[in-house]
2 protein chains.
Amino acid sequence: MADMTLTSLQKEFLLHFGEMGSRWGINRTVGQIYALLFLSEAPLNAETITEALGISRSNTSMGLKELQSWNLVLLRHQQGDRRDYFTTPDDLWEIVRTLVAERRKREIDPTLTKLRELEMMGKTGDPYAEARIAELREMIEMMTQFHDEMNRLETERLVQLMTMGRTLGGLLDKAPRLNPFRKAK
Amino acid sequence: MADMTLTSLQKEFLLHFGEMGSRWGINRTVGQIYALLFLSEAPLNAETITEALGISRSNTSMGLKELQSWNLVLLRHQQGDRRDYFTTPDDLWEIVRTLVAERRKREIDPTLTKLRELEMMGKTGDPYAEARIAELREMIEMMTQFHDEMNRLETERLVQLMTMGRTLGGLLDKAPRLNPFRKAK
DNA sequence: CGGCCATTTCAGAAATTTCTGAAAATCATG
DNA sequence: CATGATTTTCAGAAATTTCTGAAATGGCCG
């Protein structure tokens with residue numbers, strides 16, 4: 001295995017990601033595996049990760065599986081070595097796009113589906129709840145459509161948009177108004 | 001207590017929020033309490049919530065405390081009744097703003113602080129990790145600044161921006177370019 | 001002050017999630 | 001198709017989180 005003495009920088013970063021893991025909807029181990037890969041220039045194999053983090057080999061396997069299900073790691077192979085090596089994308093913007101897409105898939109889309117389903121139920125004798133649900137569905141649709149738009153922009157454009165600062169408000173004056181939308185109460 | 005027979009619409013919505021709770025970083029009970037308040041036109045007191053959800057009074061108390069720490073519920077009082085009554089804001093945009101702000105506070109800000117702290121460590125003998133950490137910090141700063149900007153817009157403007165659709169890309173051509181930023185590799 | 005109603009706290013019980021070691025599956029290669 | 005290296009699965013153990021009932025706290029009113 002590559003020498004797996006971690007620098008104090010790596011150690012601290014990795015412990016932080018571990019602690020934050022629970023807040024981000026992944027567990028400590030998964031957070032730490034990700035952090036380790038993120039800071040490693042070269043791809044790492046499961047055995048190296050296991051040693052570096054002092055966890056069981058099976059736990060590493062499950063953690064990597066979880067990261068793969070999030071599309072957060074890339075699988076690489078080395079010439080003449082059958083083991084799997086993992087990395088994270090170099091491009092941070094790609095990472096963020098993936099993260100947002102996956103979170104949307106897990107945290108938003110199922111709710112959108114459920115809301116549409118509830119609206120299909122028809123009259124329920126609770127007009128207030130029906131209205132609230134419809135309103136919520138509309139808002140989520142608007143936000144996911146906006147996300148789709150942002151996602152369509154190339155990275156350079158996205159950065160341009162994000163660094164616009166105060167101009168954002170003024171810019172809207174120049175935009176044609178489409179889809180006039182009722183003002184929120 | 002107000003009659004707490006739930007309609008089937010309420011029941012389904014509430015169960016869904018309960019299930020999603022874990023994905024959203026709150027627990028089932030907290031999700032259900034929020035869902036119930038969200039669909040109720042009138043504010044509810046703890047006893048009513050307890051009965052409606054079939055949980056213990058103390059669990060309700062803890063759940064409400066959690067929701068208050070997220071600023072997701074409003075406390076109301078009724079004339080001649082000493083009990084606390086809770087609701088959610090009518091304005092969904094306000095709810096989303098709060099949600100995003102709180103998530104940022106819990107999920108992003110501590111990491112930003114930690115990254116800055118790690119950068120203070122100075123030379124660590126791991127230039128790649130140092131560079132990666134700096135790059136991550138820069139990106140998070142850019143995104144949080146963008147969030148601050150969006151947050152500064154009034155709701156009407158925000159809706160206008162979000163409903164712009166395809167025009168978004170074209171609009172950028174009209175914007176003055178500030179802060180040219182290196183293209184991602 | 002004392003009684004009463006409402007809410008919070010908290011220690012332990014219950015439920016859920018995470019982790020491990022051992023066994024099973026996979027799969028390239030001789 | 002047998003071998004050995006690698007990865008995955010999975011049942012139970014360990015750790016963590018959530019929930020409860022009982023006791024403590026808080027505060028209003030007479």
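Each chain gets a letter, A, B and so on, in the order its sequence line appears, and its residues count up from 1. None of the values given here were measured: they were computed from a predicted structure.
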Taking only residues two or more places apart in sequence, or in another chain, which ones meet B:Arg28 in a side-chain contact (heavy atoms from CB on, under 4.5 Å)?
B:Gln32
Taking side-chain hydrogen bond (donor to acceptor under 3.5 Å, both in side chains) as the definition, give me every residue that meets it alongside A:Gln10, ordered by chain and number, with sequence neighbours left out.
none
A:Phe86: what forms a ring-ring contact (aromatic ring centres under 6.0 Å, His included) with it, not counting sequence neighbours?
none
Close approaches to DNA chain C from residues 27-35 of chain A, in residue order (heavy atom, under 4.0 Å)
A:Asn27, A:Thr29
Which residues pass the salt bridge (Lys or Arg N to Asp or Glu O under 4.0 Å) test with A:Lys105, not counting sequence neighbours?
A:Glu102
Could you list by number each residue of residues 58-74 of chain B showing a heavy-atom separation from DNA chain D of less than 4.0 Å, or answer none if no residue does?
B:Ser58, B:Asn59
Residue list, ring-ring contact (aromatic ring centres under 6.0 Å, His included) with A:Trp24, at least two apart or on another chain
A:Phe17
Suppose we screen for side-chain hydrogen bond (donor to acceptor under 3.5 Å, both in side chains). Which residues come up paired with B:Ser56, at least two apart in sequence or across chains?
B:Ser58
According to side-chain hydrogen bond (donor to acceptor under 3.5 Å, both in side chains), who are the partners of A:Glu141, at least two apart in sequence or on a separate chain?
A:Arg116, A:Arg137
Quantify the bending of the helix from C:dC1-D:dG30 to C:dG30-D:dC1 as the angle between its end axes, each fitted on five pairs, to 10°.
20°
Span of DNA chain D engaged by chain A, first through last nucleotide within the 4.0 Å heavy-atom cut-off, is D:dG4 to D:dT16
Can you name the residues that form a side-chain hydrogen bond (donor to acceptor under 3.5 Å, both in side chains) with A:Glu117, not counting sequence neighbours?
A:Lys114
